Amino acid sequence: MTIARVALDCPVDSLFDYRSAGRSPLVGQLVVVPFGRRRQVGLVLEVADHSEIADSRLRNIEKILPLEPLPDDTLALIRFCSEYYQYPIGQAASVALPAPLKRVRYGEPNSQWQYVLTEAGRKLGANDFPTRAVLKRRLLETLREAVTLSHADLLALSGRGPALAQSWVQAGWVEKRAAPLPDHPAFASNAQHELTEEQRTAVDSVGAALGSYSPWLLEGITGSGKTEIYFRLIELAVGRGLQVLLMVPEINLTPQLEERFRDRFPGLRLVGLHSNLAEGERAANWLSARNGTARVVIGTRLSIFTPLPQLGLIIVDEEQDASFKQQEGLRYSARDLAIFCARRRRVPVVLGSATPSLETYHNARSGRFGHLHLRRRPAAARASIRLIDTRGMAKFGGISDQALREIGACRGRGEQSLVFLNRRGYAPALVCNACGWNAVCSRCSARLVWHLQDAALRCHYCGHEEQLPRACASCGNQDLKGLGHGTQRLEQSLGERFPEARILRIDRDSTRRKHAWTAMQDDIRGERVDILVGTQMLAKGHDFPNLTLVVVVNPDNALFSSDFRAGEKLFQQLMQVAGRAGRGDLPGEVLVQTQFPEHPLYRALAHQDYASFAEELLDERRRAGFPPFVYQALLRAESQDETALMEFLGRAASQAATRSEAVTLYDPVPAAIAKIAGHHRGHLLVQAASRSGLQRFLSDWRPLLAQAKSGRVRWSLDVDPIEL
Ligand code: ADP
Ligand code: ZN
Ligand code: ZN
């Protein structure tokens with residue numbers, strides 16, 4: 001008897017035993033099994049010849065899905081995720097699989113099968129079929145001539161071709177087998193540039209490492225030619241019959257990027273993998289990567305789970321980007337998993353960034369990663385960054401006179417400018433000057449943001465919305481004031497100051513309509529816009545050739561954040577925004593308005609000297625005992641009942657205290673936003689000097705957490721959290 005140990009999508013850590021009734025499934029295959037009163041698709045992770053479960057209680061596998069088993073690498077990745085991120089194995093497997101594959105009624109994708117005659121089939125002759133059985137005779141004849149037929153070939157024969165072939169499979173005349181991996185496909189590459197010396201070094205170094213594990217940091221500002229290097233490496237790897245995985249941040253996965261790839265590599269089989277794809281398309285792309293048809297996968301964090309049998313290279317662009325870390329469920333870091341996969345598969349992994357995460361930077365500094373550096377922009381001058389000291393300076397709607405003058409001059413030259421403010425809405429607070437009341441969300445510990453167009457107050461945390469009140473809810477005063485600036489207010493002020501200018505605001509509100517953002521990008525490229533006002537949606541990846549001036553309005557808040565990563569993130573973000581200026585033939589200029597021009601962050605920014613800033617931060621982190629010098633995990637919890645929440649965290653802490661030689665426990669505290677949508681939130685930070693020490697502790701602790709939990713609390717563990 002064969003027992004399959006199956007991972008099922010439920011919050012249980014162990015595998016479930018099933019008996020195979022007919023053919024035994026292979027490790028890595030998907031099976032349909034009864035689970036409770038329903039049926040579920042599960043992933044076979046082990047096959048054994050006996051079970052601890054009494055025979056009478058064992059249930060049978062209903063069906064093996066007609067798919068090749070997942071490769072070992074994918075299974076290893078799933079197991080690693082489950083262990084490292086302290087997440088149930090079946091749920092981890094579920095994250096890794098495209099939705100259609102997890103359906104009990106999985107529709108077999110036809111493209112991956114080939115049909116050939118079996119021994120018995122070859123013995124058939126035309127005369128075994130009556131003359132009127134035209135299709136049968138044709139099928140036999142065609143199979144003899146062509147040897148292998150694809151699903152498409154069968155369809156070409158007749159609409160009933162596939163069904164007939166299937167019945168011959170049953171009869172034992174035809175064998176249906178997975179299409180073999182395709183040979184190295186031919187593809188053209190339209191190389192455009194002579195590489196610079198720095199680029200050449202980068203391509204040669206990584207190129208020489210193909211076929212072995214080697215991690216690289218590729219550091220270079222926007223426009224320094226990183227994408228060009230990715231192109232060359234892809235050309236090299238695909239030319240050797242290898243597959244390449246290129247991961248990019250969610251927001252960078254623009255049609256322009258795919259277009260750039262298709263322009264460069266006409267004929268290259270390249271697929272996208274991200275959550276904006278329709279389910280079916282995502283599954284089809286996943287399968288074509290899995291069967292080797294797709295040579296290059298470009299995707300967001302979830303693409304790390306794509307099985308790539310001929311993987312030869314992984315590239316993670318903008319590796320510092322927070323979107324590589326999943327913030328719910330399986331809280332994985334796709335960047336870190338990329339390194340895991342590269343090591344396991346013995347392939348190079350390239351982490352590209354203008355401003356690497358300190359984790360990566362530290363790895364490069366300490367020699368664990370190779371460090372490649374692009375210091376020049378081959379096609380454009382580096383933008384200059386200047387600070388505007390706004391202390392005691394007159395401002396118009398939040399924008400300094402100096403910045404307004406430059407925006408005017410920029411318009412005068414027929415060029416575009418961007419005013420960057422990472423806060424949407426009109427004003428981030430509505431206050432009563434008479435009594436000090438301010439509008440807060442009744443369900444969250446957050447202020448309501450005033451939105452101008454629809455005269456509404458909105459909560460940016462829970463989405464709650466109410467009408468703008470006419471008077472103070474506390475004292476009845478009718479003179480309410482909007483405090484601070486949001487993008488809508490900047491848009492308004494700029495409109496007053498530059499009445500003829502075409503101003504476009506880009507934030508989550510203005511781009512909510514489907515395709516709105518795409519249409520706006522066309523308007524910007526078509527130079528139907530003079531001044532852009534926008535949030536971080538505009539900071540990344542977009543290349544607007546006529547944009548030469550960037551004004552950053554009041555980014556100072558981050559300097560006083562309680563998050564020890566705030567400075568790192570601010571620098572990264574500002575460098576990214578700065579990268580928007582002057583990408584074409586036009587030199588760029590960046591103005592940063594601040595009240596703290598002496599702050600080391602701004603001083604380093606003005607010199608575009610990430611290295612010295614990063615060194616300083618690393619030094620601070622070493623002294624203070626923060627990552628990357630220690631390893632952290634966060635127990636997050638939430639509940640509608642604040643007392644239950646804090647009690648749970650308290651119990652979790654006291655249970656941990658007895659087994660915490662290797663780890664430091666911090667006190668349970670409310671989260672930065674202590675309540676969202678009626679749910680109180682709190683956490684408990686655990687820290688250790690070594691990854692393995694932390695891992696051992698977490699494995700011990702997690703079962704206790706399940707016991708410490710009372711019904712009203714939801715909790716999760718976040719290993720290597722990037723947000724507290
Ligand atoms: P990044 O990815 O670092 O932002 P890109 O690779 O997109 O940089 O390059 C920026 C611009 O410079 C692009 O327009 C690209 O075509 C051009 N470029 C890249 N490498 C070279 C080179 N060696 N010579 C001339 N132009 C180059
Ligand atoms: Zn009042
Ligand atoms: Zn709210």
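Computation of the quantities below employed the complete heavy-atom set of this structure, encompassing side-chain atoms and omitting hydrogens, waters and symmetry-equivalent molecules. Predicted, not measured: the structure shown is a model, and the values here were computed from it. Counting convention: from 1, in listed order, for ligands and their atoms alike.
Side-chain contact annotation: Thr360 with Gln320, donor-acceptor N/O pair under 3.5 Å absent. Using modelled atom types and a 3.5 Å distance limit, the side chains of Glu568 and Gln572 yield a donor-acceptor pair. Side-chain N/O atoms of Arg301 and Ser333 include no donor and acceptor closer than 3.5 Å. With no hydrogens or angles considered, a side-chain donor-acceptor pair links His371 and Glu219 at under 3.5 Å. If you check the side chains of Glu466 and His464, you find a donor sitting under 3.5 Å from an acceptor.
Of the heavy atoms in His193, only side-chain atoms (C-beta onward) come closer than 4.0 Å to ligand 1. The part of Ile221 lying near ligand 1 is the backbone, judged by heavy-atom distances below 4.0 Å.
Draw a line from the Zn ion (ligand 3) to SG of Cys459 and another to SG of Cys441, and the angle between them is 110° (to 10°). One finds an angle of 110° at the Zn ion (ligand 2) between SG on Cys472 and SG on Cys475, to the nearest 10 degrees. Rounding to 10 degrees gives 110° for the angle at the Zn ion (ligand 3) between SG of Cys444 and SG of Cys462. Considering the Zn ion (ligand 2) as centre, the angle to SG of Cys432 and to SG of Cys435 is 110° (10° rounding).
Judged by the shortest distance from any of its heavy atoms, Gly223 lies inside the 4.0 Å radius around the atoms of ligand 1.
Between Arg525 and Asp523 there is no salt bridge, since no side-chain N of the basic residue sits under 4.0 Å from a carboxylate O of the acidic one. In summary, Lys569 and Asp563 engage in a salt bridge, as defined by a charged side-chain N under 4.0 Å from a carboxylate O. Under a 4.0 Å N-O distance rule, the pair Glu642/Lys675 does not qualify as a salt bridge.
Between Gly225 and ligand 1, at least one pair of N/O atoms sits closer than 3.5 Å. Between Thr227 and ligand 1, an N or O atom pair is found at a separation short of 3.5 Å.
The distance from ligand 1 to the heavy atoms of Ser224 drops below 4.0 Å at these ligand atoms: 3 (O), 8 (O). Ligand-side atoms of ligand 1 in range of Leu195: 23 (N), range being under 4.0 angstrom from any heavy atom. Those atoms of ligand 1 that come under 4.0 Å of a heavy atom in Glu194, given as number and element, are 22 (C), 23 (N), 24 (N). Against a heavy-atom cut-off of under 4.0 Å, Thr196 is close to the following atoms of ligand 1: 23 (N). Near Glu228, with a cut-off below 4.0 Å to any heavy atom, the atoms of ligand 1 are 6 (O), 19 (C), 20 (N). If you number the atoms of ligand 1 from 1 as listed, the ones under 4.0 Å from a heavy atom of Arg260 come out as 5 (P), 6 (O), 7 (O).
The heavy-atom pair separating Leu358 from Ala614 by the smallest distance is CD2-CB, 3.8 Å.
Taking CD of Glu197 as the reference point, atom CZ of Arg200 lies at 11.0 Å (rounded to 0.5 Å).
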